[in-house]
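Please see the structure below; I have some questions.
We use all heavy atoms of the structure for the numbers below, so side chains are in, but hydrogens, waters and symmetry mates are not. Because the structure is a prediction, the values reported are computed rather than measured.
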Amino acid sequence: MTLEGKTILVTGGSSGYGYGIAKILKTRGATIWITGRNRDRLAKAAAELGVQTVCADVAKPADWDRTLAETGPLDVLVNNAGSGGTIAPVADQTDEAIVDTIQTNLIGAMLGCRRVAKTMAARGGGTIVNISSVCALYAWPGWSVYTAAKAGLAKFSHGLYTELRPYGVRVTCLTPSWGQTGFNVNANIRGASEDPELALRCISPEDLGNLVTCVLETPDHLAIPDVTLQ
């Protein structure tokens, strides 16, 4: 795929990995749209990156409909939006916290894929990249709900790949480890947020943007169902 002139949507694109992905893809000549729930943060990112925005919550079906009405048909969907939610033992979480984590990290991507899959299949091409997490591969105390959401996203991506590949549509599940983003602080991860030298050895937003670009620019007749970056 040549990205010049393509229409790409990156959810959760106003900061962190999503910002880095949008930044790198913009340099390839694509028209980039980003979404997020914070209108001020979106406006700041748009001014810095030269991209277009829709203020939207991926967990809300109506917001997906409004977003796609704004962007028009997509060549690429990058489902990056996510949140660690409440990092605590399951017994200490509320029902609302559990539901919110699943909706943001799994259901939101599913809602977008449902809509985009139909139009991409009809056009005979396109790529969906779902951003999972290394948490899907391991288990740590307090991370059970987030891990379940990201592992679910990975298996959902594998199934969606089998459904869409016959129509020329590619689906990749991209699994990064911890990175140089605000996620470490928000999720109270000790280590990288406290040690600048260690942080520099973590994945940068631009690193992930370069990897997504490589996936998208792979020749159309080839597909990369899974990539893990550590």
Handout entry: Beyond-backbone contact of Cys113 with Ile128, side-chain heavy atoms, under 4.5 angstrom
Key = yes

Problem - Note: Glu48-Lys44 ion pair, threshold 4.0 Å (strictly below) - result: yes

Problem - Value rounded to 0.5 Å, distance of CD1 in Ile34 from CD1 in Ile8 - result: 13.0 Å

Handout entry: Heavy atoms from other residues, nucleotides or ligands near CZ of Arg165 exceed 12 (cutoff 6.0 Å)
Key = yes

Practice task
Give a yes or no on whether Val171 and Leu77 share a hydrophobic cluster (residues Ile, Leu, Val, Met, Phe, Trp, Tyr; joining criterion: side-chain heavy atoms under 4.5 Å apart).
Solution key: yes

Practice task
Look at the side chain of Arg28 and the backbone N and O of Thr2, then say whether any donor-acceptor pair between them is shorter than 3.5 Å.
Solution key: no

Exercise for the section: Looking only at non-hydrogen atoms, find the nearest pair between Ser204 and Tyr17 and report the distance. Expected result: O-CE2, 4.1 Å

Problem - Test: Lys23 and Glu206 ion pair at under 4.0 Å - result: yes

Problem - Lys26 side-chain N/O to Gly50 backbone N/O, donor-acceptor pair under 3.5 Å - result: yes

Completion exercise
Result for side-chain contact (heavy atoms from CB on, under 4.5 Å) between Asn210 and one of Ile24, Val215, Ile21 points to Ile24

Practice task
Take Leu211 and Asp207 through the test side-chain contact (heavy atoms from CB on, under 4.5 Å) and record every step on the way to the result.
Solution key: CA-CA 6 Å; Leu211 180 57; Asp207 288 335; over 6 Å; no

Handout entry: Close side-chain approach of Tyr19 and Leu49, heavy atoms under 4.5 Å
Key = yes

Practice task
Answer yes if the side chains of Asn80 and Thr11 hold a donor-acceptor pair under 3.5 Å, and no otherwise.
Solution key: no

Practice task
Could you tell me whether the side chain of Thr94 reaches within less than 4.5 Å of the side chain of Ile98, counting heavy atoms only?
Solution key: no

Exercise for the section: Kindly indicate whether the side chain of Thr86, heavy atoms from C-beta on, has any atom under 4.5 Å from the side chain of Val145. Expected result: no

Practice task
Drop me the distance from Asn79's CG to Leu174's CG, to the nearest 0.5 angstrom.
Solution key: 12.0 Å

Handout entry: Exercise: identify the closest heavy-atom pair between Pro205 and Gly16
Key = CB-O, 3.3 Å

Problem - Residue pair Gln103 / Lys60, side-chain heavy-atom distance below 4.5 Å - result: no

Practice task
Please answer: with hydrophobic residues joined when any side-chain heavy atoms are less than 4.5 Å apart, are Val78 and Val227 in the same cluster?
Solution key: yes

Practice task
Quick one: pull up CG in Leu106 and CZ in Phe156 and give me the separation to the nearest 0.5 Å.
Solution key: 8.0 Å

Practice task
Determine whether Trp143 and Val99 fall in the same hydrophobic cluster, where Ile, Leu, Val, Met, Phe, Trp and Tyr are linked whenever their side-chain heavy atoms lie under 4.5 Å apart.
Solution key: no

Exercise for the section: Could you please spell out the steps behind the side-chain contact (heavy atoms from CB on, under 4.5 Å) verdict for Arg37 and Cys55? Expected result: CA-CA 6 Å; Arg37 293 179 293 188; Cys55 189; 5.6 Å; no

Completion exercise
Taken to the nearest 0.5 Å, the spacing of Asp57 CG from Thr35 OG1 works out to 9.0 Å

Completion exercise
Closest non-hydrogen atoms of Thr67 and Ala56, given as atom of the first, atom of the second and distance, are OG1-CB, 3.4 Å

Problem - Parallel, tilted or perpendicular, as decided by the 30° and 60° cut-offs, for the rings of Trp140 and Tyr138 - result: tilted

Problem - 4.5 Å side-chain heavy-atom contact, Gln52 and Thr31 - result: yes

Practice task
Can you see which heavy atom on Arg170 is nearest to which on Pro219, and at what distance?
Solution key: NH1-O, 3.1 Å

Fill in the blank from the handout: Residues Met120 and Asp75: closest non-hydrogen pair is CE-O, 3.5 Å

Problem - Close side-chain approach of Arg66 to Val54, heavy-atom, < 4.5 Å - result: yes

Exercise for the section: May I ask you to test the Trp33-Thr7 pair for a side-chain heavy-atom distance under 4.5 Å? Expected result: yes

Practice task
Check whether Ile131 and Val76 end up in the same hydrophobic cluster, where Ile, Leu, Val, Met, Phe, Trp and Tyr are linked by side-chain heavy atoms less than 4.5 Å apart.
Solution key: yes

Handout entry: Chi angles and distances behind the side-chain contact (heavy atoms from CB on, under 4.5 Å) call for Thr172, Asn130
Key = CA-CA 6 Å; Thr172 295; Asn130 292 327; over 6 Å; no

Problem - Test log, rule side-chain contact (heavy atoms from CB on, under 4.5 Å), inputs Ser133 and Thr175 - result: CA-CA 5 Å; Ser133 165; Thr175 304; 5.6 Å; no

Problem - Within 6.0 angstrom of Arg115 CZ, more than 12 heavy atoms from elsewhere - result: yes

Completion exercise
Heavy-atom nearest pair, Leu111 first then Val58, reads CD1-O, 3.7 Å

Handout entry: Main-chain N/O of Gly85 paired with Ser83 side-chain donor or acceptor, under 3.5 Å
Key = yes

Handout entry: Joint hydrophobic cluster, Val10 plus Met110, side-chain heavy atoms closer than 4.5 Å
Key = no

Practice task
Nearest 0.5 Å please: distance from the CG atom of Leu25 over to the CG atom of Leu3.
Solution key: 6.5 Å

Problem - His158 NE2 to Leu153 CG distance, which is reported to the nearest 0.5 Å - result: 9.0 Å

